[in-house]
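Ligands are counted one by one from 1 in listed order, and the atoms in each one are counted from 1 as well. FYI, the numbering just counts along the sequence from 1. FYI, side chains are in, hydrogens and waters are out, and symmetry mates aren't considered; it's all heavy atoms of this structure.
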Amino acid sequence: MFKRYDQKQQFLLPFNLEEFVPENHIARVLNDIIDVIDISAIESTYSEEGCPAYHPRLLLKILLYGYLINIRSSRKIEQMTQTDTAFMYLAAMQKPDFHTICRFRSTHLGPIKEIFSQVVTFCKEMDLIGSSISIDGTKVKANASPRQSKSSDALEKEIDKILKESIETDKHEDEIYGDSTPYQIPEELVDKKKRLEKIKAAKKKLDEEKLKKVNITDNDARIMKHKDGSKKPSYNCQVAVDEKEQIIVAADVVNEENDLHQMEPMIQNVKNTLGDKPTIVLADAGYFSYDNVEFLLNEEIDAYIPDNFYKAEKEGKTRKFRKALFKYDEEKDCYYCPAAFEIPFIRIQKRKGEPDLRYYVCSYCSKCVLKNACTMSGKRTITRDPREHLMEDMRAKLNTEKGTEKYQKRMSTVEPVFGQMKQDRGFREFLLRGKGKTKIEFVMMCTVHNIRKIADFMKREGKNLKEILNMITRRGNECGNRWGSVAGMAHKLW
Ligand code: SF4
């Protein structure tokens, strides 16, 4: 059961909520979109009994609007519902307190992800999504101090220290009050007890996951290096952005610093949201691995991902002759060096958990005039991974005019998205703690990013949401059932 929520209600004083925000205000777009999406997943978590709750659409709207304008604190949002006309419009003059706002945000990861998906579907049906995506990650600081990241030894020392201090405090209290005083745990001890619990939980995590350090405030965060060179407890926020209108089609938060293992989950994420795989995928060298390239080949996705040495070698930053200058002959299983000598296969080099490497050694180096530019050792050696042809094919593709042009699109697709989030919306640090809750925050950030893109599109086209829905429904009628879901949304609004 919900409290009555009616934005069209009449007041005794002659004012109308519709007059609180201008016609083309972004809050109206957000309002209309949240009005048409299905929130039954959230509604189903409420009980029919007890006091009527604030309507989930109201809470969703004020939270998302807060994220859109860089106001994320629940206390600040509560305050804004009393002072800011856009918040008043979205909340229909109701004033939920910060506990309600905070609780709502922390407990609905699944439904909030579902809302993100619905907004993406909406973008797809508006024709804002193409078939080429860029995948990238950015580090966002956790809500935790770097000083609270500690090693196993440091944690044990602190546990001992707190235990000793607690015994001392106990003794002191007993000396003062004796047995006759009704015992109340002193405040100092309560704080110590809480700290001890936190440290013990952190220590457990550190042992279980065999970590070098763990953060006491946010156990899930990991120390990560940021672009400015600083190291902080952070999360790695992953996005897949469509090239056409910079719509985020998939988002996730992981606590692995490296992007290497995120390609497959992100593609799966895109499939779940869009119902189809992308045709083209662009990603930077952080995503290059033979496993990833093989996976994308098997998925029949046209991928453009340079390897770690591609750029350095292309810019001639490697000190000695780069490997790409050595031509591999598959038939003879040998390399030809820049001085045109044959470098034969010599032996197999075993590796733990990886395919064996093939080892090639040149025996002409001592007489070669190019030696100083080629190698510091007596003989130049080359190793070859059995999957190295994947890297060679990828490099060849990236070196074509089409490949270079395609890969450059990555920068203008995904990098502005992180810029808009961090610069424009101030998203440089999480407010919530733990992997689950940081995911909620990030998915909300991505949802408002997409809503902003929808608003930009509407402004460009000079249309309001009803007209857009009308257009989509008309198009749907022409193409069969494809636009059925949006037609359903439209009827809700009309
Ligand atoms: S140093 Fe050896 S491998 Fe390098 S170019 Fe000369 S002969 Fe070839």
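Excluding water, every protein N/O/S atom under 2.8 Å from atom 8 (Fe) of ligand 1 is given here by residue and atom: Cys337 SG.
Using the six-membered ring where Trp is involved, Phe104 and His108 have ring planes that are tilted, between 30° and 60° apart.
Under the 3.5 Å distance criterion, the side-chain polar atoms of Arg425 are left unmatched by any main-chain donor or acceptor of Gln423. Checking side-chain atoms of Lys320 against main-chain N and O of Asn372 turns up a donor-acceptor pair under 3.5 Å.
Centroid-to-centroid, the aromatic rings of Tyr360 and Tyr335 come within less than 6.0 Å.
Contact record, Ile71 with Ile77: O-CD1, 3.7 Å, taken as the closest heavy-atom pair.
Sorted by first then second residue, the ring pair (Phe, Tyr, Trp, His ring centres under 6.0 Å) pairs that include residues 367-426, not counting sequence neighbours, number zero.
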